[in-house]
Amino acid sequence: MTREHDKNTEDILKDIPNGKIIINRHNSTHENTIFNKDFRYCSDGRGLVDTYSVFPGIELSFNYYYANCFEFQHRPVHSAMQINHCRSGRMGWKMQDQSTIYLGPGDLSLHTLHSCADSAMNLPLGYYQGVSVFIDLNALTATPPDILSEAGINGNNLYAKFCEQAGHTAIPASEKIEHIFSELYDLPERMYLPYFKLKVKEISFIGKIFS
């Protein structure tokens, strides 16, 4: 399985030159993700990010990296959160405060966009595939989707649960996480947005699931 995903990642990125990350924004205009005009990177490999606007202030991206390391710089944002799910490969992500998040297949991490504003990502297997969800916590608190509002989930309590102390949290692989994320990776394109909306609601329930 490792070699299969390694080859799959290499094939997806075969037309991208080394040192380049291609960012495809699909109906996505929100400025609180890392992929705005202030985003900078340096790498010995290549990457592809496909990002979609799901709700106001919430984006989902598919990430494909084939490299040994990346360095990232972007505007620090305390009021935005990034949730990462690793599908395959491995990652050690050194945050701005010099702490490191480690992700392997099925693992999950959450951090503010302040924590990763000046960070370095090492890929010990040379590749990585995963999904990221970006949440503007202020927007989620001000105008949450109805299903989250009814469950008492908003930006304030997500921040307090996962990011207030260290700025980031890592959660090991589990059946609950697999249930939420596994179906995202093999959808037909026509199903992307309606299905993403359903899954973002599930992802936002993480705060309840791991209470």
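Computation of the quantities below employed the complete heavy-atom set of this structure, encompassing side-chain atoms and omitting hydrogens, waters and symmetry-equivalent molecules.
- Tested against E59, the residues V133, T51, I135, V54 include a single side-chain contact (heavy atoms from CB on, under 4.5 Å) partner, T51.
- Scanning all heavy atoms of the two residues, the minimum distance from L193 to S53 falls at CD2-O, 3.5 Å.
- In this structure, the side chains of H111 and C116 come closer than 4.5 Å at one or more pairs of heavy atoms.
- For the residue pair Y195 / E183, a side-chain donor-acceptor distance below 3.5 Å is found, with atom types taken as modelled.
- When hydrophobic clusters are built by joining Ile, Leu, Val, Met, Phe, Trp and Tyr residues whose side-chain heavy atoms come closer than 4.5 Å, directly or via intermediates, L184 is grouped together with I12.
- Follow the hydrophobic side-chain contacts under 4.5 Å out from Y128 and you reach I23 in the same cluster.
- What you find for S43 and C69 is that their closest heavy atoms are OG-O, 3.0 Å.
- The side-chain heavy atoms of L140 and M81, taken from C-beta on, include no pair separated by under 4.5 Å.
- The distance from the CG atom of D50 to the CZ atom of R25 is 11.5 Å, given to the nearest 0.5 Å.
- Closest non-hydrogen pair, I177 versus P172, comes out as CD1-O, 3.4 Å.
- Distance check, rounded to the nearest 0.5 Å: CG of L125 to CG of N68 gives 10.5 Å.
- Taking the centre of each ring, F196 and F62 come in below the 6.0 Å mark.
- Rounded to the nearest 0.5 angstrom, Q98 CD and D118 CG are separated by 8.5 Å.
- The heavy-atom pair separating G104 from C86 by the smallest distance is O-CB, 3.2 Å.
- Cluster annotation: Y64 and Y192 are assigned to the same hydrophobic cluster (Ile/Leu/Val/Met/Phe/Trp/Tyr, side-chain heavy-atom contacts under 4.5 Å, transitive).
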Please walk me through it: do L113 and Q82 pass side-chain contact (heavy atoms from CB on, under 4.5 Å)? CA-CA 7 Å; L113 296 190; Q82 181 176 347; 3.6 Å; yes
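- Nearest heavy atoms, S61 versus N63: OG-OD1, 3.0 Å.
- Linking Ile, Leu, Val, Met, Phe, Trp and Tyr whenever their side-chain heavy atoms come within less than 4.5 Å leaves Y102 and L108 in two separate clusters.
- Side-chain atoms of S182 come within 3.5 Å of backbone N or O of E178 as a donor-acceptor pair.
- Distance check: S88 OG to Q129 CD gives 4.0 Å after rounding to the nearest 0.5 Å.
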Are D136 and V77 close enough, and set up right, to give a side-chain contact (heavy atoms from CB on, under 4.5 Å), and what steps lead you there? CA-CA 9 Å; D136 180 333; V77 185; over 6 Å; no
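- Between K94 and S119, the closest side-chain pair of non-hydrogen atoms is not below 4.5 Å.
- Both Y52 and I58 are assigned to one and the same hydrophobic cluster, defined by single-linkage of ILVMFWY side chains at heavy-atom distances under 4.5 Å.
- Between Y127 and E10 the shortest side-chain heavy-atom distance does not fall below 4.5 Å.
- By the 6.0 Å contact criterion, OH on Y41 is enclosed, its count of non-hydrogen atoms from other residues, nucleotides or ligands being greater than 12.
- Of the residues listed (I22, I21, N24), the one engaging V49 in a side-chain contact (heavy atoms from CB on, under 4.5 Å) is I21, and it is the only one.
- To the nearest 0.5 Å, the span separating NE2 on H74 from CZ on F39 amounts to 7.5 Å.
- Residues I16 and G47 approach most closely at CD1-O, 3.4 Å, considering heavy atoms.
- At least one donor-acceptor pair under 3.5 Å links the side chain of K199 to the backbone N or O of I180.
- The backbone N or O of A173 sits less than 3.5 Å from a side-chain atom of D107, completing a donor-acceptor pair.
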Show the numbers, then the answer: is there a side-chain contact (heavy atoms from CB on, under 4.5 Å) between L123 and F70? CA-CA 9 Å; L123 309 180; F70 289 90; 4.0 Å; yes
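- Rounded to the nearest 0.5 angstrom, H26 NE2 and E189 CD are separated by 7.0 Å.
- Each of T9, D15, N18 was evaluated against R46; a single residue qualifies, N18, per the side-chain contact (heavy atoms from CB on, under 4.5 Å) test.
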